[in-house]
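Shown next, in structure tokens, is the structure this report addresses.
Sequence positions, counted from 1, serve as the residue numbers for this chain. Heavy atoms only: backbone and side chains are in, while hydrogens, waters and symmetry mates are out.
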Amino acid sequence: RFKAKSKDGDQLLEYRIQDIPEDQFDEAAKFQCEYLIPNANLFKALKITSNPKAVEEFHKLFMEKLREKISIACYCDEELIAVNVLFVSSKNDPKANVSQKDHEIQSFFEFRAYSKQNYNVFEAHSVDKFLTAFGLSVKTEYQGRGIATEMLKARIQVLKKLGLKVTSTSFSALGSQIAAQKAGYKVAFEMKYEDIMRALPKFDFSQSDTGIHKTMEFVKVHFKIKLR
């Protein structure tokens with residue numbers, strides 16, 4: 001639990017972050033479609049919102065990851081105000097078959113493959129698994145109150161609970177990059193959007209609020225105490 005300003009003033013309210021209940025998975029997936037897809041640079045670059053079928057496909061992808069039962073959400077009373085869809089990426093995960101999907105879905109996975117070619121988390125940290133995310137979104141009227149930072153701090157607790165070493169995610173927007181930095185995440189790799197557009201012409205990042213796409217991580221450090 002933490003305190004932050006209300007959506008319509010300076011009054012401090014209590015917010016809570018918790019696991020997403022199974023009966024709210026659909027609501028959380030719809031929340032991502034409403035607040036993440038229209039605003040995140042990666043999705044805007046593919047103009048996802050102009051294709052309702054693609055939005056529905058992403059809803060299915062959100063649901064798939066939510067079923068891992070490790071995603072988190074933030075509430076003010078009973079109002080859902082933020083969602084972070086989390087999942088564990090494993091070295092031996094089968095390659096996603098998106099050949100029959102809309103071209104926006106295919107392009108999204110092309111970006112993930114391109115990003116992995118440039119920076120491989122498994123190799124960088126000598127791990128077989130790491131915690132990652134499929135989008136962090138905050139309800140519009142609650143943005144600018146530090147909620148994204150608190151959500152990213154809460155993700156570190158999920159990391160520890162799972163016994164994993166690393167949480168690593170792509171942060172495409174300036175606001176999310178700042179929130180991650182405040183939460184203690186470090187930049188592991190950067191790509192200029194102009195370079196991405198040259199490599200992947202289907203993406204149009206010309207309206208991005210930043211020129212840099214960042215992979216940012218929190219790495220759990222184990223301290224060894226030597227006894228004399």
Side-chain angles (χ1 to χ4, degrees), residues 29-62 65 81-87 89 95-96 98-121 124 132-149 151-152 167-183 185-217:
K30 289 177 179 176
F31 187 97
Q32 293 288 76
C33 291
E34 183 175 357
Y35 294 103
L36 178 72
I37 289 178
N39 298 304
N41 287 328
L42 185 58
F43 293 104
K44 288 196 294 184
L46 287 170
K47 299 178 173 60
I48 301 295
T49 53
S50 63
N51 184 347
K53 186 177 178 182
V55 174
E56 179 58 32
E57 289 292 342
F58 274 105
H59 178 275
K60 292 177 182 178
L61 290 173
F62 291 134
K65 301 307 181 186
I81 62 170
V83 169
N84 196 192
V85 175
L86 305 176
F87 66 99
S89 181
K95 186 177 180 180
V98 294
S99 58
Q100 303 301 315
K101 304 292 185 181
D102 279 21
H103 75 272
E104 290 93 345
I105 304 292
Q106 295 178 24
S107 297
F108 175 79
F109 280 93
E110 285 174 15
F111 175 85
R112 289 181 60 179
Y114 174 74
S115 181
K116 187 177 179 179
Q117 287 174 6
N118 286 277
Y119 178 72
N120 188 305
V121 181
T132 189
F134 193 6
L136 166 60
S137 58
V138 179
K139 207 169 187 177
T140 307
E141 55 265 40
Y142 286 93
Q143 292 176 7
R145 286 158 175 76
I147 292 168
T149 298
M151 290 285 283
L152 289 166
T167 180
S168 179
T169 309
S170 293
F171 290 88
S172 67
L174 181 61
S176 62
Q177 293 169 3
I178 293 172
Q181 184 179 9
K182 289 180 178 178
Y185 291 63
K186 304 298 183 184
V187 177
F189 182 75
E190 296 182 349
M191 294 186 290
K192 292 182 179 179
Y193 280 129
E194 59 188 45
D195 293 335
I196 297 173
M197 288 190 287
R198 277 194 288 268
L200 302 172
K202 295 176 184 177
F203 287 83
D204 177 13
F205 287 105
S206 60
Q207 302 302 312
S208 171
D209 60 355
T210 178
I212 303 290
H213 184 94
K214 297 182 179 182
T215 298
M216 301 181 71
E217 301 176 335

How close do [X] and [Y] get, counting heavy atoms only, and between which atoms?
X      : Y      : answer
Ile48  : Glu104 : CD1-CB, 3.4 Å
Ser208 : Tyr193 : OG-CE1, 3.3 Å
Ile105 : Ala54  : CD1-O, 4.0 Å
Ser168 : Thr132 : O-OG1, 2.7 Å

Please answer whether the main-chain N or O of [Y] pairs with a side-chain N or O of [X] as donor and acceptor at a distance below 3.5 Å.
X      : Y      : answer
Asn84  : Gly135 : yes
Gln177 : Thr210 : no
Asn41  : Ser172 : yes
Glu110 : Leu200 : no

Got a second to check how far [X]'s [atom1] is from [Y]'s [atom2], nearest 0.5 Å?
X      : Y      : atom1 : atom2 : result
Leu136 : Thr169 : CG    : OG1   : 9.0 Å
Lys44  : Ser50  : NZ    : OG    : 13.5 Å
Tyr35  : Gln143 : OH    : CD    : 9.5 Å
Asn39  : Asp209 : CG    : CG    : 10.0 Å
His59  : Glu57  : NE2   : CD    : 11.5 Å
Glu56  : Cys33  : CD    : SG    : 7.5 Å

| Phe43/Thr49 under side chain to side chain contact (heavy atoms under 4.5 Å, CB included): CA gap, chis, key distance, verdict | CA-CA 8 Å; Phe43 293 104; Thr49 53; over 6 Å; no
Side chain to side chain contact (heavy atoms under 4.5 Å, CB included) assessment of Glu217 paired with Tyr119: CA-CA 12 Å; Glu217 301 176 335; Tyr119 178 72; 2.7 Å; yes
Within the 4.5 Å heavy-atom criterion, are [X] and [Y] side-chain neighbours or not?
X      : Y      : answer
Met151 : Val138 : no
Leu46  : Leu42  : no
Lys30  : Phe62  : no

| said: Is it the case that the ring center of Phe203 lies less than 6.0 angstrom away from the ring center of His213? | reply: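 Centroid separation for His213 and Phe203: 6.0 Å or greater.
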Distance-only donor-acceptor pairs under 3.5 Å for side chains of residues 185-192, two or more places apart:
| from | atom 1 | to | atom 2 | distance (Å) |
| --- | --- | --- | --- | --- |
| Tyr185 | OH | Leu152 | O | 2.8 |

Parallel, tilted or perpendicular: rings of Phe205 and Phe111 (30°, 60°): tilted
